[in-house]
J.: 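Take this structure first; my questions come after.
In what follows, chains are A, B, ... by sequence order, proteins preceding strands, each numbered from 1.
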Protein chains: 2
Amino acid sequence: MATVFYPDNTTFLVAVDCIIFGFKNKELHILLTRRPVEPLKGEWSLMGGFMEENESLNQAAEKVLYRYTQQKGIYMEQVNAYGEVDRDAGGRVVSVAFYALVRLEEFDTSLARKFDARWVKVQDLPSLIFDHEKMVEDALTLLRFKVSMQPIIFNFFDKKFTLPALQDLYEAIYQMPIDKRNFRKKIAAMEILDKMDDKDKSSSKRGAHYYVFNEHKYQKFTKEGKRYSL
Amino acid sequence: MATVFYPDNTTFLVAVDCIIFGFKNKELHILLTRRPVEPLKGEWSLMGGFMEENESLNQAAEKVLYRYTQQKGIYMEQVNAYGEVDRDAGGRVVSVAFYALVRLEEFDTSLARKFDARWVKVQDLPSLIFDHEKMVEDALTLLRFKVSMQPIIFNFFDKKFTLPALQDLYEAIYQMPIDKRNFRKKIAAMEILDKMDDKDKSSSKRGAHYYVFNEHKYQKFTKEGKRYSL
DNA sequence: ACAAAAGTGTTCACACTACACCCATGG
DNA sequence: CCATGGGTGTAGTGTGAACACTTTTGT
C-alpha cells in the first residue's frame, strides 16, 4: 500500500478472529467452522476474516460477527494481537482476536449449515488451526476476569433469565461448582436485578422466577462507589 | 504483499508503540520523544517503529525497546491493538501497543539527546500524537492490574531495592498513599524476598536494608497454591 | 405422596484497615 | 542531642466459604 508519509515500509495482511461464546445445555460453547479455504481447508477454525481498506479493527470484527450470527449489537472485546512470523501457514498475517457473547436462544440454525459451523463445548474442543487454540485460551482467561468485574454475563441471555440458569452459566465459565446460597446472597446484595412475576417452568415443577438486569440500578450502584463482583 | 493463498486482500502498515515506564524521584515516568518524522514532526510521541517483513510483533517491540534504551531482556507485555481507520495522520497504520518496565538506574543519558527523548512524570504528561494518550491510559490500567497480581514490580529495580523505595514505587503506580505497616506485613507474609546485610544510606542516616526478589522462593510460594497479591 | 428443583440464614475463618511509638544514625 | 526517615504489633471490621432444611407443584 502506498502511503504518502511512510513509503518504504512493509505492509501486512491483517485478520480478525472471533471467539464466539454461547450458553446452551448448562455448558459454555464456542462457534467453530470448517475452514473454507486452503491451506488447511476443512480443519476446525475460529470465525475470521480479513480487515478491509476502510474498516477499523472493531468494524472488521463486527462484520465477521454479523456474517456468522446475523445478530447486531453483539457484546465484543479485543483479546490480543498475534503476530508470529509463521503463525498462518497461508502467508504473513497479523491477527487480532476478539471474543463475543451471543444469545444462543435466538440463534439461526440455518446459518450452521450455510457455513459448516458448529457449537462446541469449550471443555472438549477439537484441534484448531494455527494459533487459534492459544486465542481461545487467552479469550477464556479474559472472559473470566471480565465476568467477575463487570456485568457482561447478562449478554448471554435475551433480557430475562432465571437465577439457576445464571448460576449454571457462571459455573460453566469458571468450570467449578459454586454455592447456591452464597451466589444468590451476593447478587441480592448488589440490587441490580429486577425480579419478574412470571416463572420459567421448563426445568422444574415449581418454576424459577425470571430476572432482568437493570442498567439504571447498576449505574446508581457504581455511582455509590460500590464494586461489582461475582 | 503477494501471498500464495490470500492474493486479493488489502495489506496494511503495522507499527508497535511502546509505553516505557521507569521509576525516578519517587515518581512513575514514561519515556517520550519528539516525533522525528512528518506528519506532526516535533510533537510528543511514544517510542515506536514499524514491524518488518521477518519480524514478529514481539520482536518488533523488542527492537524498538533496544533502540531507545540499549537494554536487553526488558520486561514487556502487549497492551492492545489499535486499528481506527484514521488513527495515524500519516497513513493507514495498525498499531500494537506494548508496555515495558526499565531500570532507570542504569539508563544511558546520552540516548536522551540522541533521540530527543525525555522521561516525563505520568501525572503531568503533555498532549501526545494520534491515540497515544489512550495507549498510555490502557497501559497504566493493565500495569496496575498486573502489578497487583504478579511480581513484575521488581523489574523496575536493578536486583536490590529497599522497602521504602518499593513502597514509594507502589504508591506512584497507584497514585495513592498506603500504610507502611500493612504494606510490609503483606510482603513479609509472602516470604519471597531476601534481606541483605547492607543498607542504602542515601536517603536517611539510619539507612534502609536492601532486599532482593527470590525467584526460587516465589516458585515455591506459587506451588503451595498461594496467591501473590500486593 | 413423592420426586425434583427453587429458595432461604447463620457461623466461622481469614484478610484488610486503621492506628502510634521506638530505633538508629549523622551532623 | 536532635532531626530524619526506618522499622515494628494489635484490635476491629468486612468479606468470602462452609453448610441443611423447607417450599412448591406436577405427576
J.: Hey, can you pull the residues of residues 171-181 of chain A with a non-hydrogen atom under 4.0 angstrom from DNA chain C?
T.: K180(A), R181(A)
J.: Please give, in whole Å, the distance from dA13(C) C1' to N182(A) CG?
T.: 14 Å
J.: Anything under 4.0 Å to a heavy atom of chain B counts; send over the first and last such nucleotide of DNA chain D, read 5' to 3'.
T.: dG5(D) to dT10(D)
J.: Check residues 165-172 of chain B and write down every donor-acceptor pair under 3.5 Å in which the side-chain atom is one partner and the other belongs to a residue at least two apart or another chain.
T.:
{"from": "Q167(B)", "atom 1": "NE2", "to": "E171(B)", "atom 2": "OE2", "distance (Å)": "3.3"}
{"from": "Q167(B)", "atom 1": "NE2", "to": "I178(B)", "atom 2": "O", "distance (Å)": "2.9"}
{"from": "Y170(B)", "atom 1": "OH", "to": "L230(B)", "atom 2": "O", "distance (Å)": "2.8"}
{"from": "E171(B)", "atom 1": "OE2", "to": "I178(B)", "atom 2": "N", "distance (Å)": "2.9"}

J.: Considering only heavy atoms, which members of residues 184-206 of chain A lie under 4.0 Å from some atom of DNA chain C?
T.: R184(A), K185(A), S203(A), S204(A), R206(A)
J.: Should the pair D200(B)-K160(B) be classified as a salt bridge under the 4.0 Å nitrogen-to-oxygen rule?
T.: no
J.: With sequence neighbours excluded, tell me which residues meet ring pair (Phe, Tyr, Trp, His ring centres under 6.0 Å) with F156(A).
T.: none
J.: Of all residues at least two apart in sequence or in a different chain, which pass the side-chain contact (heavy atoms from CB on, under 4.5 Å) check with K121(A)?
T.: E27(A), H29(A), Q123(A), D124(A)
J.: Can you confirm whether L128(A) sits close enough to E133(A) that some side-chain heavy atom of one is under 4.5 Å from a side-chain heavy atom of the other?
T.: yes
J.: Checking K220(B) now: which residues fulfil side-chain contact (heavy atoms from CB on, under 4.5 Å) with it, not counting sequence neighbours?
T.: H216(B), E224(B)
J.: For Q71(A), enumerate each residue passing the side-chain contact (heavy atoms from CB on, under 4.5 Å) test, keeping only those at least two apart in sequence or located in another chain.
T.: T69(A), I74(A), V102(A), R103(A), E106(A), F107(A)
J.: Could you give the side-chain donor-acceptor pairs of residues 135-145 of chain A under 3.5 Å, partners two or more places apart or in another chain?
T.:
{"from": "D138(A)", "atom 1": "OD1", "to": "K134(A)", "atom 2": "NZ", "distance (Å)": "3.1"}
{"from": "D138(A)", "atom 1": "OD2", "to": "Y82(A)", "atom 2": "OH", "distance (Å)": "2.6"}
{"from": "T141(A)", "atom 1": "OG1", "to": "E137(A)", "atom 2": "O", "distance (Å)": "3.1"}
{"from": "R144(A)", "atom 1": "NE", "to": "I173(A)", "atom 2": "O", "distance (Å)": "2.7"}
{"from": "R144(A)", "atom 1": "NH2", "to": "I173(A)", "atom 2": "O", "distance (Å)": "3.1"}

J.: Report yes or no: is the cationic atom of R34(A) (NZ for Lys, CZ for Arg) closer than 6.0 Å to the six-membered ring centre of W44(A), at no more than 45° off its axis?
T.: yes
J.: Give me the residues of residues 219-230 of chain A where at least one heavy atom lies under 4.0 Å from an atom of DNA chain C, by number, or none.
T.: none
J.: Is it true that the side chains of S110(B) and D108(B) contain a donor and an acceptor less than 3.5 Å apart?
T.: yes
J.: Go through the structure and list residues passing ring pair (Phe, Tyr, Trp, His ring centres under 6.0 Å) with Y211(A), not counting sequence neighbours.
T.: none
J.: Can you list, pair by pair, the side-chain donor-acceptor contacts under 3.5 Å of residues 181-192 of chain A, counting residues two or more places apart and other chains?
T.:
{"from": "N182(A)", "atom 1": "OD1", "to": "K185(A)", "atom 2": "NZ", "distance (Å)": "3.3"}

